[in-house]
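Count residues from 1 along the sequence. Not measured: the values here are computed from a predicted model.
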Amino acid sequence: MPLTYTILPGIGLVYVRYWGVLNVQETTETFARFSRDPLFRPDLKHLIDMKDVVEYERSFLDLMKLQANVADTILKAPTPVHLVYYAPTRMSLSLARTILKSWDGLGSVIGRIAQDEEQALVMLGLGHQRFADLPMNRV
């Protein structure tokens, strides 16, 4: 599956990485696992790394269904949830813009797009300069 997530509870972040062709069904399945993860909290900040996305399904209806499911879960947070999409390529930027449109009008989600790693981390209020500096549990 071209999608993984890592929860970093010490800094209140989930790092999501996509590569290849983004598939809405796989995203739905992975989000369901994420929402049942023992480290899950609805107020986690989200860093979505899409630098290696080469294509994505362009089904706006399926995307809206997925976003409704995500909203039901993360909008339980007591404060707005921050989502930063790292989208340095033309393809990833197009995808990030499409996703952000689905969050329009929801004041409880703060979605932004960054085109370099340091910018993404600053937007999330983190003091790191590169994703490689994040305290990931490497296996």
Side-chain angles (χ1 to χ4, degrees):
M1 180 178 311
L3 165 63
T4 62
Y5 74 87
T6 304
I7 298 174
L8 307 170
I11 58 173
L13 178 76
V14 59
Y15 172 74
V16 179
R17 182 174 166 262
Y18 284 97
W19 64 93
V21 179
L22 186 139
N23 176 286
V24 175
Q25 179 62 34
E26 290 173 347
T27 301
T28 300
E29 292 167 6
T30 301
F31 185 79
R33 274 196 321 279
F34 163 66
S35 66
R36 293 187 307 268
D37 191 296
L39 296 176
F40 170 81
R41 294 187 343 240
D43 63 338
L44 289 170
K45 294 177 261 185
H46 295 236
L47 173 57
I48 301 101
D49 181 346
M50 298 188 301
K51 74 176 173 292
D52 295 319
V53 171
V54 297
E55 187 57 73
Y56 63 95
E57 288 182 20
R58 286 172 171 79
S59 171
F60 195 68
L61 179 61
D62 288 341
L63 178 61
M64 291 305 292
K65 288 178 187 176
L66 169 62
Q67 294 301 78
N69 185 25
V70 171
D72 283 345
T73 303
I74 67 172
L75 297 183
K76 295 175 183 168
T79 59
V81 175
H82 292 261
L83 308 173
V84 173
Y85 297 88
Y86 174 54
T89 67
R90 184 179 304 166
M91 179 62 62
S92 61
L93 186 58
S94 171
L95 174 58
R97 286 178 176 154
T98 299
I99 293 169
L100 283 181
K101 284 179 190 173
S102 70
W103 291 116
D104 278 353
L106 293 177
S108 52
V109 172
I110 299 171
R112 300 177 75 189
I113 297 172
Q115 294 197 282
D116 70 58
E117 290 186 17
E118 185 175 11
Q119 179 188 33
L121 296 167
V122 166
M123 288 176 175
L124 291 165
L126 301 173
H128 303 82
Q129 293 184 338
R130 301 173 306 141
F131 297 172
D133 297 335
L134 293 171
M136 304 274 197
N137 292 331
R138 305 219 192 285
V139 179

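- The distance from the CG atom of D133 to the CD atom of E118 is 10.0 Å, given to the nearest 0.5 Å.
- Residues T73 and P42 come closest through the heavy atom pair O-CB, 3.8 Å.
- Taking CG of L95 as the start and CD of E57 as the end, the distance is 11.0 Å to the nearest 0.5 Å.
- Counting all heavy atoms, side chain and backbone alike, Q119 lies closest to A114 at OE1-CA, 3.4 Å.
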Full working for side-chain contact (heavy atoms from CB on, under 4.5 Å) between L47 and L134: CA-CA 11 Å; L47 173 57; L134 293 171; 4.0 Å; yes
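- No hydrogens or angles considered: a donor-acceptor pair under 3.5 Å links the side chains of Y56 and S94.
- What you find for E26 and N23 is that their closest heavy atoms are N-OD1, 2.8 Å.
- Within a 6.0 Å sphere centred on CD of Q129, heavy atoms belonging to other residues, nucleotides or ligands number 12 at most.
- Under the 4.5 Å side-chain heavy-atom criterion for ILVMFWY residues, a single connected hydrophobic cluster contains both V84 and M136.
- Smallest separation of non-hydrogen atoms from L124 and K45: O-NZ, 3.1 Å.
- Atom CD1 of I113 sits about 11.5 Å away from atom CG of L83, to the nearest 0.5 Å.
- In this structure, the side chains of T6 and L8 come closer than 4.5 Å at one or more pairs of heavy atoms.
- Residues L39 and L44 fall within the same hydrophobic cluster, defined by Ile, Leu, Val, Met, Phe, Trp and Tyr side chains chained together at heavy-atom separations under 4.5 Å.
- Side-chain contact between T89 and V53 is absent, with no heavy-atom pair separated by less than 4.5 Å.
- Open room surrounds CZ on R112; 12 or fewer heavy atoms of other groups in view lie less than 6.0 Å from it.
- The minimum heavy-atom distance between A87 and Q115, with the atom names listed, is O-NE2, 3.3 Å.
- In terms of modelled atom types and a separation under 3.5 Å, the side chain of S35 and the main chain of A32 share a donor-acceptor contact.
- Of all non-hydrogen atoms in V24 and D62, the two that sit nearest each other are CG1-O, 3.7 Å.
- For the pair E117 (side chain) and F131 (backbone), a donor-acceptor distance under 3.5 Å is present.
- With values rounded to the nearest 0.5 angstrom, T4 atom OG1 is found 12.5 Å from F34 atom CZ.
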side-chain contact (heavy atoms from CB on, under 4.5 Å) assessment of I7 paired with R41: CA-CA 9 Å; I7 298 174; R41 294 187 343 240; over 6 Å; no
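- Checked against D49 for a side chain to side chain donor-acceptor pair (under 3.5 Å), the options W19, Y18, Y15, Y85 give a single hit: Y15.
- Taken together through direct or relayed side-chain contacts under 4.5 Å among Ile, Leu, Val, Met, Phe, Trp and Tyr, V122 and M50 form parts of separate hydrophobic clusters.
- From E29, atom CD reaches atom CZ of R33 across 7.5 Å, with rounding to the nearest 0.5 Å.
- Here the OH-OG1 distance, from Y5 to T27, works out to 13.5 Å after rounding to the nearest 0.5 Å.
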